Amino acid sequence: RRFEFGQVYGATVDQAKVFRDVEPMIAQTLDGINVCVMVYGGGGTGKTHTLAGGADDPGLINRAVSCIFDLVASAEEGVTHEAFLSILAIDGERIADLQGASGPFEVVRDATYGMQVEGLTTTAVHTASHVKSLLASAHQQRGDANSELVVTVTVRTVDTESGESNVGRLTLVDLPPSEGHGATKDATSGYASIRALHDVVGALAQGKKQIPYANSLLTTLLQDSLGGNSKTLMLVACRGEPDNAPETINSLTFAARAKAVKLGKATQRAAPKGPAKAKK
């Protein structure tokens with residue numbers, strides 16, 4: 001079988017190399033572009049490590065946060081930024097706010113921000129270290145590693161001279177294990193989400209008019225990123241052992257289907273005037 005992708009990484013690649021390839025997309029968050037990075041793969045393939053990393057070798061989430069605040073710190077005079085963080089897990093089609101809110105939660109479409117979760121904690125953040133401490137606490141609250149993890153950093157940029165502003169959103173998603181190693185219908189709470197994701201990507205790749213976003217909470221929440229006005233990147237993690245060949249082929253086949261989806265050009269999102277507010 002032959003597969004072609006934008007980039008292929010070997011087993012020894014470091015986190016810094018992966019981030020260097022993703023960084024140009026991350027930076028566009030401050031330009032008012034919605035950016036989404038999803039990591040897909042079977043259990044034990046390293047997808048969670050790719051996002052979270054370790055103490056001495058941070059993953060994409062912490063590197064992306066550091067990148068955003070480095071850009072904020074170096075912004076030209078007359079431009080201000082406000083950043084907000086939300087962290088949620090989806091387990092068994094139920095949302096858990098990993099910053100403590102108990103709900104009720106409802107996924108709605110906002111005219112400016114796109115798909116949002118009403119009732120979810122949105123914390124104003126001012127430094128990368130603040131975000132990292134909140135992420136560390138959320139990781140302890142996550143519980144089931146098979147749940148979906150969705151980390152969102154929203155940045156509102158204001159030109160203080162003209163009063164014009166835009167809002168960009170960075171969404172990083174740790175998908176549940178794909179079908180295969182550790183991903184049976186009975187054992188994995190994210191099975192329904194993975195099947196729904198396959199259905200949505202398949203419909204988009206085929207150019208169908210009706211896209212089944214509503215088949216799961218995850219695809220409902222991510223519909224702007226999967227088929228809307230966003231720049232979206234999917235990283236697929238695979239195990240190299242021969243015994244894992246069927247799972248690897250399934251993952252790469254899905255990745256090829258996802259690569260065939262054409263989202264069109266992402267455009268800048270104008271923000272409403274007035275100060276943004278964090279939700280408690």
Side-chain angles (χ1 to χ4, degrees), residues 13-20 22-23 25-27 29-30 35-41 43-73 81-92 94-103 105 116-117 119-156 168-177 182 189-190 193 218 221-222 233 235 237 276 278-280:
V13 69
D14 60 17
Q15 302 274 35
K17 164 59 179 171
V18 178
F19 181 71
R20 282 196 298 272
V22 178
E23 186 176 5
M25 279 182 58
I26 303 296
T29 304
L30 273 69
V35 175
C36 179
V37 178
M38 293 181 279
V39 183
Y40 175 93
T45 57
K47 61 186 184 63
T48 299
H49 178 72
T50 300
L51 280 179
D56 298 327
D57 192 19
L60 284 178
I61 294 178
N62 282 342
R63 291 177 186 270
V65 168
S66 295
C67 171
I68 285 175
F69 281 99
D70 285 346
L71 291 170
V72 168
H81 301 280
E82 298 171 292
F84 305 89
L85 176 73
S86 65
I87 315 169
L88 66 86
I90 302 175
D91 189 2
R94 295 185 299 273
I95 290 175
D97 184 341
L98 299 186
Q99 295 190 84
S102 57
F105 304 113
Q116 297 282 294
V117 180
L120 194 71
T121 302
T122 304
T123 304
V125 287
H126 306 286
T127 64
S129 60
H130 184 197
V131 175
K132 291 172 184 178
S133 67
L134 294 171
L135 288 169
S137 176
H139 180 72
Q140 295 178 347
Q141 300 293 324
R142 183 180 180 186
D144 186 359
N146 288 332
S147 62
E148 301 100 277
L149 176 69
V150 182
V151 176
T152 303
V153 179
T154 302
V155 181
R156 186 172 185 264
R169 187 173 62 196
L170 171 64
T171 305
L172 300 126
V173 186
D174 185 3
L175 294 166
S189 60
S193 294
L218 179 69
L221 181 60
L222 295 181
L233 173 71
L235 291 166
K279 300 175 184 177
K280 300 298 184 181

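Predicted model only: the values in this text are computed from it and were never measured.
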Q: Work out which heavy atom in Q15 is nearest to a heavy atom in G53; give both atom names and the distance.
A: NE2-CA, 3.4 Å

Q: Is any side-chain heavy atom of T122 less than 4.5 Å from a side-chain heavy atom of T154?
A: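 Side chain of T122 against side chain of T154, heavy atoms only: no contact under 4.5 Å found.
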
Q: Nearest 0.5 Å please: distance from the NZ atom of K47 over to the CG atom of D174.
A: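 Here the interatomic distance stands at 4.0 Å.
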
Q: Could you measure the distance from the SG atom of C67 to the CG atom of L60? Nearest 0.5 Å is fine.
A: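 Going from SG on C67 over to CG on L60, the span is 11.5 Å.
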
Q: Holding to salt bridge (charged side-chain N to carboxylate O under 4.0 Å, His left out), I want the full list of residues that pass it with K17, two or more places apart in sequence or in another chain.
A: D21

Q: So, D97 side chain and T121 main chain: donor-acceptor pair closer than 3.5 Å or not?
A: yes

Q: Let me confirm one number: the CG-CE distance from L218 to M38, rounded to the nearest 0.5 Å.
A: 8.5 Å

Q: With rounding to the nearest 0.5 angstrom, report the CG to CD distance, L222 to E148.
A: 9.0 Å

Q: Work out which heavy atom in F69 is nearest to a heavy atom in A83; give both atom names and the distance.
A: CZ-CB, 4.1 Å

Q: Could you give me the CA-CA distance, side-chain angles and deciding distance for L149 and L98, then say whether side chain to side chain contact (heavy atoms under 4.5 Å, CB included) is met?
A: CA-CA 9 Å; L149 176 69; L98 299 186; 3.7 Å; yes

Q: To the nearest 0.5 Å, tell me how far T50 OG1 sits from Y40 OH.
A: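 These two atoms lie 15.0 Å from each other.
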
Q: May I ask you to decide if L134's main-chain N or O and S137's side chain share a donor-acceptor pair within less than 3.5 Å?
A: no

Q: Would a distance-only check, ignoring hydrogens and angles, find a side-chain to backbone donor-acceptor pair under 3.5 Å from Q99 to L120?
A: no

Q: Determine the minimum heavy-atom distance between T29 and V153, stating which atoms define it.
A: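 Reported closest heavy-atom pair: CG2-O, 4.4 Å.
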
Q: Using the test salt bridge (charged side-chain N to carboxylate O under 4.0 Å, His left out), find all partners of D57 that sit at least two apart in sequence or belong to another chain.
A: R63

Q: Atom CG of L175 and atom CG of L51: how far apart are they, to the nearest 0.5 Å?
A: 9.0 Å

Q: Between S66 and K132, what is the shortest heavy-atom contact and its length?
A: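 Smallest heavy-atom distance, with atoms named: OG-NZ, 2.9 Å.
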
Q: How far apart are the closest heavy atoms of A237 and G46, and which atoms are they?
A: CB-C, 4.4 Å

Q: If you compare all heavy atoms of L85 against all heavy atoms of I87, which two are closest, and at what distance to 0.1 Å?
A: CD2-CD1, 3.8 Å

